[in-house]
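Please read the structure below before turning to the comments.
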There are 2 protein chains.
Amino acid sequence: MDTGDRLLTPGEVAALFRVDPKTVTRWAAAGRIGSIRTPGGHRRFRESEVRALLEGEGMLDEVGEVAGDRPRNAGPAATGGPPGPANAGLY
Amino acid sequence: MDTGDRLLTPGEVAALFRVDPKTVTRWAAAGRIGSIRTPGGHRRFRESEVRALLEGEGMLDEVGEVAGDRPRNAGPAATGGPPGPANAGLY
DNA sequence: GGTAAGTAGGGTAATTAGGGGG
DNA sequence: CGTGTCCTAATTACCCTACTTA
């Protein structure tokens, strides 16, 4: 069960992705990444989910998009059935 | 049924939310989370309430998924443990 | 009774949330 | 369309000492 349910702060995730914390917050707002809200309104992200995203688990399209192409995001359409982030409409 | 009246210490709740014990105490002081006060003045929190807050507090009882009744994850268990980090917008 | 750990309390700095505009 | 940076406001984290709990 303990798949490493450690919660990371926006700053931690931002450092992992080398982006601004604001961008991470936008991902959570867009439902692209699961987020746990504290009673105070701050967000916490699951280390396991962040790691999966870092590996490319978010896009199950690792084949055919490696070289000589500009794949914006051909069909994210969740056809792969991401078991986790089912939270779409946030607010 | 038992509401899981197990009481958790501020340190336990803080570890669950990845915050400081002081922050948990502040939540109790602000009335954001129920707290039981000991005769000495220390606080105890209900395990059931804390868990509800972690899940998003959407009163969505996801207790019915015990046996393979929902073939949702057919491949990679990306998120790992909690398959449904469905959080609710609270702000 | 005594020791160690945790918690409460106040105060200050750092981080985060939200919106707007580039 | 997505990201980085600006602002203000709110929340959180770490500092301290004293008391309660185990």
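Protein chains get the first letters and strands the later ones, always in sequence-line order, with residue 1 at the start of each. Keep in mind that what you see is a predicted model, and the values were worked out from it rather than measured.
Taking only distance into account, the side chain of Lys22(B) never meets the base of dG11(C) through a donor-acceptor pair shorter than 3.5 Å.
Atom C1' of nucleotide dT11(D) and atom CD1 of Ile33(B) are separated by 16 Å, given to the nearest angstrom. When rounded to the nearest whole Å, the span between CD of Glu12(B) and P of dA5(C) equals 17 Å. What separates CG of Asp20(B) from P of dT7(C) is a distance of 11 Å, to the nearest Å. In this structure, CG of Leu8(B) is placed 18 Å from P of dT21(D), rounded to the nearest angstrom. A straight line from CZ of Arg44(B) to C1' of dA22(D) spans 10 Å, rounded to a whole angstrom. As a whole-Å value, the separation of Phe17(A) CZ from dG2(D) C1' is 15 Å. Across the protein-nucleic acid pair, Arg37(B) atom CZ and dA8(C) atom C1' stand 8 Å apart, rounded to whole Å. Taking atom CD1 of residue Ile36(B) and atom C1' of nucleotide dT7(C), one finds them 17 Å apart after rounding to whole Å.
Under the Watson-Crick and G-U wobble criteria, each requiring two contacts below 3.5 Å, nucleotide dC15(D) is paired to dG10(C). Nucleotide dG2(C): unpaired (no Watson-Crick or G-U wobble partner with both distances less than 3.5 Å).
A sub-4.0 Å separation between OP1 or OP2 of dT12(D) and a side-chain N or O of Thr38(A) is present. For Arg32(A), a side-chain nitrogen or oxygen approaches OP1 or OP2 of dT3(D) to under 4.0 Å. Taking 4.0 angstrom as the limit, Arg43(A) places a side-chain polar atom (N or O) nearer than this to OP1 or OP2 of dA17(C). Here Trp27(A) does not reach the OP1 or OP2 of dG2(D): none of its side-chain N or O atoms lies under 4.0 Å away.
Arg6(A) CZ to Arg44(A) CZ: the interatomic distance, rounded to the nearest 0.5 Å, is 14.0 Å. The CD1 atom of Ile36(B) lies 11.5 Å from the CG atom of Leu8(B); values are rounded to the nearest 0.5 Å.
Summary of the strand contacts: Arg18(A) and Thr9(A) both lie near DNA chain D, and taking for each the nucleotide with the nearest heavy atom, the more 5' one is attributed to Arg18(A).
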Candidate pair Phe45(B) and Leu7(B), rule side chain to side chain contact (heavy atoms under 4.5 Å, CB included), full reasoning: CA-CA 5 Å; Phe45(B) 305 93; Leu7(B) 297 177; over 6 Å; no
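Ring pair Phe17(A)/Trp27(A): centre-to-centre distance below 6.0 Å.
When the nucleotides dT12(D), dG9(C), dT21(D) are ranked by their closest atom to the side chain of Thr25(B), dG9(C) comes out on top. Taking every side-chain heavy atom of Pro10(A) into account, dA17(C) is the closest of dT3(D), dA17(C), dT7(C).
Checked options Thr25(A), Val24(A), Leu54(A); the residue passing with Val13(A) is Val24(A) (criterion: side-chain contact (heavy atoms from CB on, under 4.5 Å)).
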